[in-house]
Each structure stands twice: as structure tokens, then as C-alpha cells.
Number of protein chains: 2
Amino acid sequence: MSTHAAIAANASRAVPGYLVSAIAMTPAAGLPALQPRSAADPLAALGHAKVYDRDMTVFSEGDAAGSVFRVQSGMVRLHKMLPDGRRQIIGFLHAGDMMGLAFAAQYLYTAEAVTATTIQRIPRLELDVLLDAQPALARKLLSATTSELMAAQDQMVLLGRKTAAEKVASFLLRLCDRKGGDRTIDLPMGRSDIADHLGLTTETVSRTFTKLKSARLIRILVGGKLELLDHDALADLAGGF
Amino acid sequence: MSTHAAIAANASRAVPGYLVSAIAMTPAAGLPALQPRSAADPLAALGHAKVYDRDMTVFSEGDAAGSVFRVQSGMVRLHKMLPDGRRQIIGFLHAGDMMGLAFAAQYLYTAEAVTATTIQRIPRLELDVLLDAQPALARKLLSATTSELMAAQDQMVLLGRKTAAEKVASFLLRLCDRKGGDRTIDLPMGRSDIADHLGLTTETVSRTFTKLKSARLIRILVGGKLELLDHDALADLAGGF
DNA sequence: CGCACAGTTGACAATAGTCAAACGATGTGG
DNA sequence: CCACATCGTTTGACTATTGTCAACTGTGCG
């Protein structure tokens with residue numbers, strides 16, 4: 001039983017230390033978490049990568065959890081399902097994001113490829129050894145996961161208290177932030193994925209997009225791309241977060 | 001800059017190791033997190049306790065975050081607010097739960113006493129020192145925070161995909177689990193707190209309680225207590241989680 | 001070129017929200 | 001000890017946002 005522990009607890013720095021997340025690193029506002037393939041990527045040598053086609057399952061809720069995963073390219077969605085099939089998408093993962101970090105006996109959600117995706121599978125024991133050797137890496141992971149937690153709380157506000165238009169506007173702005181403020185964002189996921197992430201139906205998402213188009217706040221481009229024409233107006237609409 | 005790190009990473013145990021939560025430990029299904037005042041409570045000696053009256057603020061979203069807190073008795077609510085005043089309650093904390101663990105520069109939500117509450121305030125530097133000395137404590141904190149993260153994801157499913165009746169039933173069952181399955185649970189918070197936690201209005205919460213009473217699934221007792229008359233039927237209604 | 005499927009639009013329904021009034025418990029002052 | 005004031009809760013009537021069901025459109029792929 002080799003247990004390596006690392007809690008970054010630092011009261012004086014602006015960028016946090018932290019006890020950190022278990023679940024996964026979700027698109028976090030601003031913070032790019034771990035760079036996909038930074039020159040000095042300590043995780044790069046671990047495990048091995050595999051390509052998943054569109055809609056393939058990486059792991060399912062309840063599977064025995066023996067590995068953690070890192071998205072190298074493409075996009076992944078994480079979801080939970082109610083017994084009758086209603087689905088809630090917990091988050092979308094981009095290149096650099098990790099998942100399956102819960103270290104629970106089973107995975108807590110299902111992970112599927114949204115687009116063709118390359119995913120690095122890292123057996124926990126390997127990560128274990130590396131974390132032991134590199135405390136700095138541990139802090140990076142912790143930091144990224146903290147961001148994910150903040151995102152989870154913002155998502156609770158969104159789901160519990162925002163209108164359809166506010167939800168969609170918030171969602172688009174998050175993707176925009178994630179891209180570093182670029183006005184053009186990728187929307188590789190379908191309307192039903194967006195709906196299940198925002199607690200709406202595909203029809204409502206579609207109607208909301210139409211309204212935003214009519215109001216000249218967004219423009220839909222070919223190839224699943226979208227342009228934010230009026231960032232400020234969208235931010236107004238989103239109403240915080 | 002003293003940074004002490006501890007990531008419990010253990011692939012072989014059923015009870016998790018984990019990179020863990022930043023935000024706070026919320027009522028976690030089943031797992032009692034840290035016992036309030038266990039005989040060998042390593043945190044007991046840190047910081048000092050203070051009593052907060054009903055509705056007093058412990059800290060506010062955006063305040064500089066210099067301490068972590070632990071609820072010793074009573075109940076605390078954590079919330080975020082939209083600019084126009086709409087409120088989302090992130091969670092309710094019971095004795096033993098910790099909050100403010102984000103280790104971010106600012107607190108990410110506001111904490112208020114639901115009832116008269118005793119809260120232990122622990123300066124981060126003190127916790128830091130203790131964590132350095134007792135890795136096992138770190139693992140406990142991490143474990144508790146993982147539970148909170150799972151709870152956060154269940155809450156997303158609840159907020160995004162459940163009906164009013166399902167939300168209320170799930171909420172009551174959670175409180176029941178939290179009490180170890182006792183049929184009688186405490187509801188010290190008001191209807192508007194419940195509403196803001198479940199993404200409903202006070203009126204809808206009230207009407208739902210009335211329906212559950214009529215259906216003989218619950219009984220409301222004096223002193224903010226409630227009895228679950230038919231746990232199974234409620235679980236059916238809650239529809240998972 | 002046409003089939004298949006995702007997305008859009010429309011008509012209608014239903015769940016939950018809003019506004020308002022009444023009720024009930026709690027606590028204070030006469 | 002009772003009357004009254006207050007606040008939270010409950011109930012009612014009505015509204016509105018979002019969901020449902022269904023048809024249609026457009027796009028991409030074989």
C-alpha cells in the first residue's frame with residue numbers, strides 16, 4: 001500500500017495550493033490547466049495513447065477504476081444518467097484535461113469521445129510513482145482540479161438559477177474564455193450534448209441559438225464553428241459567471 | 001514559501017486516496033467525513049472556536065481567504081449569488097464539515113449560519129504545519145473532499161434533470177443518509193433555503209411538501225423535524241442518486 | 001443523386017414561477 | 001395571560017417559460 005500524499009497548502013500566494021479535486025479537470029475559466037504537450041511534460045512518458053472514434057466510450061460509470069486519462073487532442077464528454085435515461089453532462093474535456101482522477105474504486109461517470117480523440121491512459125500505479133518523485137507535478141494536478149471545482153459550482157448556479165438564454169450565453173462565453181478570448185469558438189458537440197449539459201432540451205437550445213443569431217450576438221459558421229459578434233452583450237445576458 | 005503537499009494516490013483500496021477537493025466538504029452520502037470531536041482529533045487544538053447566531057455571515061464570496069473553518073455544531077449554508085440577487089445554495093454543512101479549503105486567494109462563496117452554530121477557525125498556516133506533520137490527516141481531508149465532489153456532481157444531475165418532486169425527495173433522502181438512515185431528520189433551514197438549493201421557489205417547495213404529506217410519504221413534526229414514512233417510495237420518487 | 005440524420009420551426013401542453021392573500025406559529029407588550 | 005404584530009409558510013389563481021410531439025429543412029455522406 002504505497003500512498004503518496006501532497007497537499008499544497010500555502011496561505012500567501014495568489015495562485016492556490018489546495019487539497020484537490022477527485023473527479024476530473026473540466027474546462028476551467030482562464031486557467032489552461034496542464035498544457036497538452038509542453039516541452040517538459042512529465043506525464044508524457046507514462047502509459048500509452050489510443051485513438052477513440054466519435055461517440056466511443058472511454059470508460060463507463062461503475063467500471064472498476066484502474067487508470068487515469070488525459071485528453072491529448074479532440075474532445076470528451078463526461079455524463080451521468082438517471083435510471084430512466086435522462087442524462088446530465090458534467091463537463092466537456094479539451095486537450096490537456098484529465099479524467100478519472102477520483103481514485104475511487106469505480107468511475108463516477110461515463111466518458112465518451114465527442115469527436116475523434118486521442119487519449120492517454122495512465123495506470124494509477126505509474127502516476128503514483130511519478131507523483132512520488134515530482135511534488136511539483138502534484139501541485140499542478142491539484143491546481144487544475146481546483147479550477148474544475150470552481151467550474152462545478154458555477155455550473156450549479158447555471159443549472160439552478162439561470163434562464164435558457166443565460167445558460168446558452170454563459171456556455172458560449174466559457175468556451176470563449178477557454179480559447180483565450182478568441183471570438184471564434186468550436187462547437188464540435190451536438191445540440192443534444194449542449195442541452196444535456198445546460199439542463200435544457202435540444203429544441204430550446206436550437207431556439208435560443210436562433211434568437212441570439214437574430215439579435216446579432218452570434219453567427220454560426222461552417223464546420224461546427226461559431227463567432228461571438230458581441231461579447232459584451234453576451235456577458236450581460238449571461239448575468240455573471 | 002512553505003508548501004506542503006500530499007496527494008493520496010492509492011490504486012488498490014476501495015476507499016479512495018485522491019487528489020482532492022478544494023472547495024468545502026458538503027454533506028456526503030454515507031461518509032461522515034471528519035468526526036466532530038473524535039477522541040484523537042488532530043485539528044481540535046488548532047485555531048479557536050466562535051459562536052455564530054442564526055443568519056450571521058462567516059465569510060463572504062470574494063473576501064481574502066486566510067483561514068479554513070470547521071463546523072463544530074449547528075448548520076451552515078454556502079451560497080453564490082447572481083448580480084440581480086438570485087441565489088444558489090451550494091450546500092449545507094453539518095458538524096464535522098470543513099469549508100474554505102479552496103486555498104484560492106479569495107473565498108469562492110459566502111458562508112452563513114443556518115442556526116446558532118459553533119465554528120472553528122483555523123489559520124491556513126497552522127493547518128499547513130499540522131498537515132506537514134501528519135500525512136494521515138491529509139488523507140482524511142482529501143477523502144472527505146472527494147465525497148463532496150461526488151455530491152457536487154449528483155447535485156448537477158438533480159438541478160439539471162430532475163422534477164420538483166424528485167428534487168425534494170432526493171434532498172430528504174440525502175439528509176436521511178447523512179443521519180445514518182434515521183427516519184427522523186432535521187430541517188433547520190427555511191423553505192427559501194431549500195428552494196435555493198434545489199433550484200425551485202419557496203412556493204413550489206411548500207406545495208411539494210404538501211403533496212408528499214398527502215401521499216403519506218412524509219410527516220412534518222414540530223421543531224423543524226420531519227419523518228420519512230416510506231423510504232422506499234421516496235427513493236422511487238427520487239429516481240436515482 | 002438521394003438517403004439519413006441533425007437541426008430548426010411550429011403548435012400545444014405542462015411544469016414551475018409569479019403575484020397575492022390567508023393562515024399559523026412565535027414572540028412581545030399591554 | 002391575552003392581544004397583537006411579525007414573519008415564514010401555505011394555498012390559490014393566473015402566467016410564462018420550457019418541454020413535448022410532430023413536421024419540415026438542410027447538410028453531409030454514401
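Here is the naming used below: chain letters follow the sequence lines, and residue numbers restart at 1 for every chain.
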Q) How far apart are the closest heavy atoms of A/Leu234 and A/Leu217, and which atoms are they? A) CD1-O, 4.0 Å
(Q) Strictly by side chain to side chain donor-acceptor pair (under 3.5 Å), give each pair with a member in residues 158-167 of chain B just once, sequence neighbours left out. (A) A/Arg86-B/Glu166, A/Asp196-B/Arg161, B/Lys162-B/Ser170, B/Thr163-B/Glu166
Q. Between the axis at one end of the helix from C/dC1-D/dG30 to C/dG30-D/dC1 and the axis at the other (five pairs apiece), what's the angle to 10 degrees?
A. 30°
Q.
For the CE atom of A/Met98 and the CD atom of A/Gln120, what is their distance to the nearest 0.5 Å?
A. 7.0 Å
**Q.** Intermediate values then yes/no, salt bridge (Lys or Arg N to Asp or Glu O under 4.0 Å), A/Lys80 and B/Asp154
**A.** CA-CA 8 Å; A/Lys80 278 174 160 282; B/Asp154 287 347; 3.2 Å; yes
**Q.** Those residues of residues 200-223 of chain B lying under 4.0 Å from DNA chain D by at least one heavy atom
**A.** B/Glu203, B/Ser206, B/Arg207, B/Thr210
**Q.** Pairs where residues 208-226 of chain B contributes a residue and the test salt bridge (Lys or Arg N to Asp or Glu O under 4.0 Å) is met, not counting sequence neighbours
**A.** B/Asp186-B/Lys225, B/Arg219-B/Glu227
(Q) Holding to side-chain hydrogen bond (donor to acceptor under 3.5 Å, both in side chains), I want the full list of residues that pass it with A/Thr208, two or more places apart in sequence or in another chain. (A) none
(Q) Suppose we screen for ring pair (Phe, Tyr, Trp, His ring centres under 6.0 Å). Which residues come up paired with B/Phe209, at least two apart in sequence or across chains? (A) none
(Q) Distance check, rounded to the nearest 0.5 Å: A/Leu200 atom CG versus A/Ile194 atom CD1? (A) 10.0 Å
Q: Please collect all ring-ring contact (aromatic ring centres under 6.0 Å, His included) contacts where either partner lies in residues 151-197 of chain B, sequence neighbours excluded, each pair once.
A: B/Phe92-B/His197, B/Phe171-B/His197
Q) For DNA chain C, which nucleotides open and close the run of contacts to chain B, 5' to 3', at under 4.0 angstrom from a non-hydrogen atom? A) C/dA16 to C/dC19
Q: Not counting sequence neighbours, which residues clear ring pair (Phe, Tyr, Trp, His ring centres under 6.0 Å) with A/Tyr52? List them please.
A: none
Q. Taking only residues at least two apart or on different chains, which pairs with a member in residues 230-241 of chain A satisfy salt bridge (Lys or Arg N to Asp or Glu O under 4.0 Å)?
A. none
(Q) Among residues 185-199 of chain B, which ones have heavy-atom contacts with DNA chain D below 4.0 Å? (A) B/Gly190, B/Arg191
Q | salt bridge (Lys or Arg N to Asp or Glu O under 4.0 Å) contacts in which one or both residues fall within residues 105-120 of chain B, not counting sequence neighbours | A | B/Arg77-B/Glu112
